[in-house]
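FYI, side chains are in, hydrogens and waters are out, and symmetry mates aren't considered; it's all heavy atoms of this structure. For the single chain, residues carry numbers from 1 onward in sequence order.
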Amino acid sequence: PMPADYPEWPSGAQVQAYLETYVDHFGFRDAIRLDTEVLATRPTATGWTIETRSADGRSDAVHVDYLIVCNGIFSIPAIPDFAGADAFTAAGGRILHTSQFTAPETAHGRHMLVIGYGKSSCDVAKASLAFTASTTVIARSLIWKIPKKLAGRLNFKHLFLNRLGEGLFRYIRV
């Protein structure tokens, strides 16, 4: 479990510290490979073969039962080509991947457009509000997101995660 002295929503540093102790507690630090490029993945009859190359140039192939691809804000930025992007940046505009937006104050006084409605894009939009002249979010489709606190005061868990909250959801079988 998370340490008892952690707040309800721990900081990034606290989550990092927790993950470090988790890895050490369960003893799988040697199974983690950092600075390693995945060259290829191939399904086999019993799982997957993964070919890798480490930062020092060593190649390796390993067999695993499961392959899970999890690339979020720390992945290599993939920014689509936008018509007029060159003229926009030449005029002083910036086009950034969420992983590159590390200092919200750089948007001070600017009009910001956030494309997408995932966790990272919503974090960027929220972080920029205090600095931008305007922030606009466009998305292909919307999903319901629950804030940490409703109206900035009431913890949503106290409304939804209780016996009365069960009334909001129909039973599949009684």
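Taking the side chain as every heavy atom from C-beta outward, D123 and T98 never approach each other to under 4.5 Å. With contacts defined as side-chain heavy-atom distances shorter than 4.5 Å, the pair L39/T52 does not qualify.
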Which is it for E51 and R42 under the side-chain contact (heavy atoms from CB on, under 4.5 Å) test, yes or no, and what are the steps along the way? CA-CA 9 Å; E51 295 177 20; R42 289 184 191 79; 2.3 Å; yes

Trace of the side-chain contact (heavy atoms from CB on, under 4.5 Å) decision for V62 with T49: CA-CA 6 Å; V62 41; T49 296; over 6 Å; no

Applying side-chain contact (heavy atoms from CB on, under 4.5 Å) to S128 and F101, what does each step give before you reach the verdict? CA-CA 10 Å; S128 70; F101 189 73; 4.2 Å; yes

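Shown here is D30, whose CG atom has no more than 12 heavy atoms of other residues, nucleotides or ligands within 6.0 Å. A 6.0 Å sphere centred on CG of D5 holds more than 12 heavy atoms belonging to other residues, nucleotides or ligands. For NE2 of H108, the number of neighbouring non-hydrogen atoms (other residues, nucleotides, ligands) closer than 6.0 Å is 12 at most. Residue D24 qualifies as enclosed at atom CG: its count of foreign heavy atoms under 6.0 Å is above 12. The environment of R29 atom CZ is dense: over 12 non-hydrogen atoms of other residues, nucleotides or ligands sit within 6.0 angstrom.
In plain terms, the two heavy atoms of T132 and R110 that are nearest each other are CB-O, 3.3 Å. Taking every heavy atom of both residues into account, A133 and G109 meet most closely at CB-O, 3.5 Å. Across all their heavy atoms, D65 and W48 have their closest contact at O-CD1, 4.2 Å. Between G116 and A139, the shortest heavy-atom distance links the atoms C-CB, 4.2 Å. Considering all non-hydrogen atoms of both residues, P10 and Y6 come closest at CB-CD2, 3.9 Å. Nearest heavy atoms, S99 versus T102: O-CG2, 3.6 Å.
Hydrophobic clustering of Ile, Leu, Val, Met, Phe, Trp and Tyr side chains at less than 4.5 Å, counting indirect connections, unites V124 with L96. Side-chain heavy atoms closer than 4.5 Å link hydrophobic residues (I, L, V, M, F, W, Y) into clusters, and following such links, possibly through other members, connects V15 to L34. No continuous path of ILVMFWY side-chain contacts below 4.5 Å connects M2 to W9, so the two sit in separate hydrophobic clusters.
For the atom pair OG1 (T89) and CZ (F82), the distance works out to 12.5 Å, reported to the nearest 0.5 Å.
Looking only at atom types and distance, the side chain of T36 has no donor-acceptor partner in the side chain of S54 under 3.5 Å away. In this structure, a donor-acceptor pair under 3.5 Å is absent between the side chains of H97 and S120.
Ion pair R53/D60 not flagged as a salt bridge, since none of the NZ, NE, NH1 or NH2 atoms sits closer than 4.0 Å to an Asp/Glu carboxylate oxygen.
At distances below 3.5 Å, not a single donor-acceptor pair connects side-chain atoms of Y18 with backbone N or O atoms of P3.
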